[in-house]
Amino acid sequence: MRLHSSSASARCCNLFCSSHKANARESEWKFQVPVKHKDLEFLIKRFAPPLTAVLLAVSPICNPPESLGQTLDIQRGATVFNRACIGCHDTGGNIIQPGATLFASDLQRNGVDTEEEIYRVTYFGKGRMPGFGEKCTPRGQCTFGPRLQDEEIKLLSEFVKLQADQGWPNVSTD
């Protein structure tokens with residue numbers, strides 16, 4: 001099928017276009033779909049503002065990209081959090097001890113507002129929170145469940161600090 005000059009009132013939206021290298025003057029068009037000029041204008045007016053808003057929302061201008069390594073660490077930290085912590089600290093709260101949430105204000109008030117302190121409390125425990133470290137002592141302060149490796153606790157403390165600084169937006173590992 002060859003495309004000859006089209007009229008000004010109708011334009012063609014060509015899907016799956018392929019050209020022949022042998023004859024540069026000819027190109028083969030498949031699946032021609034006529035689109036009227038007014039229809040095209042309507043589509044642009046209708047969908048341009050929401051599409052622009054979406055593009056700006058996910059744009060690197062509004063959300064500076066993190067390195068791939070940081071992104072993977074955040075996802076791994078979220079996975080550890082969902083596996084080991086979410087039972088008591090869902091969305092940054094604390095169902096056992098309400099004054100010891102993972103929100104920045106409570107972390108600061110309790111002296112646990114750095115990644116190092118979050119790591120220490122997660123490893124050895126504090127108050128009613130059990131420790132999760134592999135070499136946690138004393139025994140009564142440590143979890144009876146599975147222990148976390150040092151690298152997992154490091155990822156977890158980075159994740160908790162990041163979430164606390166952001167006010168605990170959605171926790172997702174997708």
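Count residues from 1 along the sequence. This one's a predicted model, so the numbers in the text were calculated from it and none came from an experiment.
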Give me the atom names and distance for the closest heavy-atom approach of [X] to [Y].
X	Y	value
Ser157	Tyr119	CB-N, 3.7 Å
Gln141	Lys126	NE2-N, 3.3 Å
Met129	Thr122	CE-CA, 3.9 Å
Glu134	Arg147	O-NH1, 3.6 Å

query: Is Asp165 paired with Lys161 through a side-chain N to carboxylate O contact shorter than 4.0 Å?
result: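 Yes, Lys161 and Asp165 are salt-bridged.
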- prompt: Would Ile118 and Ile153 show up in the same hydrophobic cluster when neighbours are defined by side-chain heavy atoms closer than 4.5 Å?
  reply: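 Yes; tracing contacts between hydrophobic side chains, which count when under 4.5 Å, links both residues.
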Same apolar cluster: Leu162 and Leu155, side chain cutoff 4.5 Å: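 No, it is not one cluster - the side chains of Leu162 and Leu155 are not joined through contacts under 4.5 Å.
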query: Does any non-hydrogen side-chain atom of Val160 lie less than 4.5 Å from one of Trp168?
result: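 Yes, at least one pair of side-chain atoms sits under 4.5 Å.
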- request: Could you tell me whether the side chain of Glu151 reaches within less than 4.5 Å of the side chain of Arg76, counting heavy atoms only?
  value: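 Arg76 vs Glu151: side chains touch.
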task: Could you list who else is in Ile95's hydrophobic cluster, with ILVMFWY side chains joined at under 4.5 Å, directly or through other members?
output: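 Noted: Ile95 shares its cluster with Ile96.
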field: Passing option when Glu152 is tested against Leu156, Leu148, Asp150 for side-chain contact (heavy atoms from CB on, under 4.5 Å)
entry: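 In the set Leu156, Leu148, Asp150, the residue that makes a side-chain contact (heavy atoms from CB on, under 4.5 Å) with Glu152 is Leu148.
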For [X], salt bridge (charged side-chain N to carboxylate O under 4.0 Å, His left out) partners two or more places apart:
X	value
Asp90	none
Arg120	Glu117
Arg128	none

- request: Using disulfide (SG to SG under 2.5 Å) as the criterion, list what pairs up with Cys142, not counting sequence neighbours.
  value: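 Checked Cys142 against disulfide (SG to SG under 2.5 Å); matches are Cys136.
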Mind listing the side-chain donor-acceptor pairs of residues 98-106 below 3.5 Å, one per line with the distance, residues two or more places apart or on another chain?
residue, atom, partner, partner atom, Å
Thr101, OG1, Phe103, N, 3.3
Thr101, OG1, Asp106, OD2, 2.5
Asp106, OD1, Arg109, NH1, 2.6
Asp106, OD1, Arg109, NH2, 3.0
Asp106, OD2, Thr101, N, 3.4

task: Rounded to the nearest 0.5 Å, what's the gap from CZ on Phe159 to OG1 on Thr79? Could you check?
output: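 Reported value, rounded in 0.5 Å steps: 8.5 Å.
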- prompt: How many angstroms lie between atom NZ of Lys154 and atom CD of Gln149, to the nearest 0.5 angstrom?
  reply: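 Reported value, rounded in 0.5 Å steps: 14.0 Å.
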message: Take a 6.0 Å sphere around CD of Gln108 and say whether it holds more than 12 heavy atoms from other residues, nucleotides or ligands.
response: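 Open: at most 12 neighbouring heavy atoms sit under 6.0 Å from CD of Gln108.
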